[in-house]
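Encoded as structure tokens, the structure appears first; notes follow it.
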Amino acid sequence: MPGKLIVIDGLDGSGKSTQSERVAKCLRARGEQVKLISFPDYGEPSSALVKMYLGGEFSDSPNGVNAYAASTFYAVDRYASFKKFWEKEYLSGHTILATRYVSSNAIHQMGKLPRNQWDEYLKWLDDFEYEKLCLPRPDQVIFLNMSRSVADRLIEGRYGGDESRKDIHEKDRAYLQSCQETAEYAAKAQNWRMICCDDGKNPLPLEFVTERIMEKIESRA
Ligand SMILES: Cc1cn([C@H]2C[C@H](O)[C@@H](COP(=O)(O)OP(=O)(O)O)O2)c(=O)[nH]c1=O
């Protein structure tokens, strides 16, 4: 029997990786066999097109690469990761905890399209990644919701003010702002669980957010 696939997603700078590691620890402490995966899979050659895109080799602006083209770069990277690194564990009942997944395409690519094409895009994405590529559907998507201003500060801290280290998404504030809107739209359409991660000024304590995530995971059934 396949295991569980739980996705932790969120906007850039929302603390996904930190929380995924903390949640993996909690699940392991409960005796679950957990494999932690993360997308893009930067350490693997399958992420080459994603790196070219984020590095600005196709265009300086996210909008210079259309939503469908960019989505396929990420989807192919996911496919390679699934086949090489977690298909067996997933099929033999392990819990797979993914930092970002198909949901990230909805959040970060859909906004390149006019709003009246968002439903069509979500339908295409679902069909392409889950039906055609046969990637497993998540049992649960948990979205870490962090105000743009707080996330921006965390991103700045990460790069120490060095603009050149940011990818084309991180450099574009208007684009990042539009991702908040697409995330809220997709979360509603696809029944993601939203967790608020800041008090409007500062991030909430890590332990508090981890507890909220664990509550969502436990109340899944
Ligand atoms: C996994 C994934 C990421 N993305 C975007 C989100 C990010 O802006 C960018 C790189 O992801 P990531 O390195 O996770 O960004 P960060 O560490 O800043 O949170 O790629 C997609 O557009 N589609 C996807 O499927």
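Everything numeric here is computed off the predicted structure, so don't read it as measured data. Note that ligands are numbered from 1 as they come in the structure, with each ligand's atoms numbered from 1 the same way.
Contact atoms of ligand 1 toward Y101: 25 (O) (distance under 4.0 Å to a heavy atom of the residue). Annotation for ligand 1: atoms under 4.0 Å from non-hydrogen atoms of F39 are 1 (C), 14 (O). Listed by number with element, the atoms of ligand 1 under 4.0 Å from a non-hydrogen atom of K16 are 19 (O).
In terms of protein heavy-atom proximity, atom 18 (O) of ligand 1 is nearest to E170 OE2, 2.9 Å. Counting protein heavy atoms only, atom 5 (C) of ligand 1 is closest to Y74 OH, 3.4 Å. Looking at atom 15 (O) of ligand 1, its nearest protein heavy atom turns out to be R100 NH2, 3.7 Å. What sits closest to atom 8 (O) of ligand 1 on the protein, heavy atoms only, is H169 ND1, 2.7 Å. When hydrogens are left out, the protein atom nearest atom 23 (N) of ligand 1 is N105 OD1, 2.9 Å; that is the closest non-hydrogen contact. Taking atom 22 (O) of ligand 1 as the reference point, the nearest protein heavy-atom neighbour is Q109 NE2, 2.9 Å. Of the protein's non-hydrogen atoms, the one nearest atom 7 (C) of ligand 1 is D12 OD1, 3.4 Å.
Side-chain contact between I142 and R212: absent, with no pair of heavy atoms (C-beta onward) separated by less than 4.5 Å. M214 is listed as a side-chain neighbour of L27, based on a closest heavy-atom distance under 4.5 Å.
Within 6.0 Å of the CG atom in D60, the count of heavy atoms belonging to other residues, nucleotides or ligands does not exceed 12.
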For this session: For L206 and V209, run side-chain contact (heavy atoms from CB on, under 4.5 Å): C-alpha distance rounded to whole Å, both residues' side-chain angles, the deciding distance at 0.1 Å, then the answer.
Result: CA-CA 5 Å; L206 289 178; V209 175; over 6 Å; no
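Any N or O atom pair closer than 3.5 Å counts here, and D167 shares no such pair with ligand 1. In terms of polar-atom proximity, Y175 is not counted as a contact of ligand 1, lacking any N or O under 3.5 Å from an N or O of the ligand.
If you look at K51 next to ligand 1, there are no close heavy atoms at all, none under 4.0 Å. Only the side chain of Y42 comes within contact range of ligand 1, with a heavy atom under 4.0 Å; no backbone atom does. Residue V50 does not touch ligand 1, judged by heavy-atom distances below 4.0 Å.
Classification of the W118-Y185 ring pair by plane angle, with boundaries at 30° and 60°, yields perpendicular. Between W124 and Y68, the ring-plane angle classifies as perpendicular under the 30° and 60° cut-offs.
Side-chain contact annotation: E129 with N105, donor-acceptor N/O pair under 3.5 Å present. For the residue pair D77 / S47, no side-chain donor-acceptor distance below 3.5 Å is found, with atom types taken as modelled.
For atom 16 (P) of ligand 1, the nearest non-hydrogen atom from the set R78, R158, E129 belongs to R158.
Remark: D127 engages K132 in a salt bridge, criterion side-chain N to carboxylate O under 4.0 Å. For the pair K166 and D172, the salt-bridge criterion is not met [side-chain N within less than 4.0 Å of a carboxylate O].
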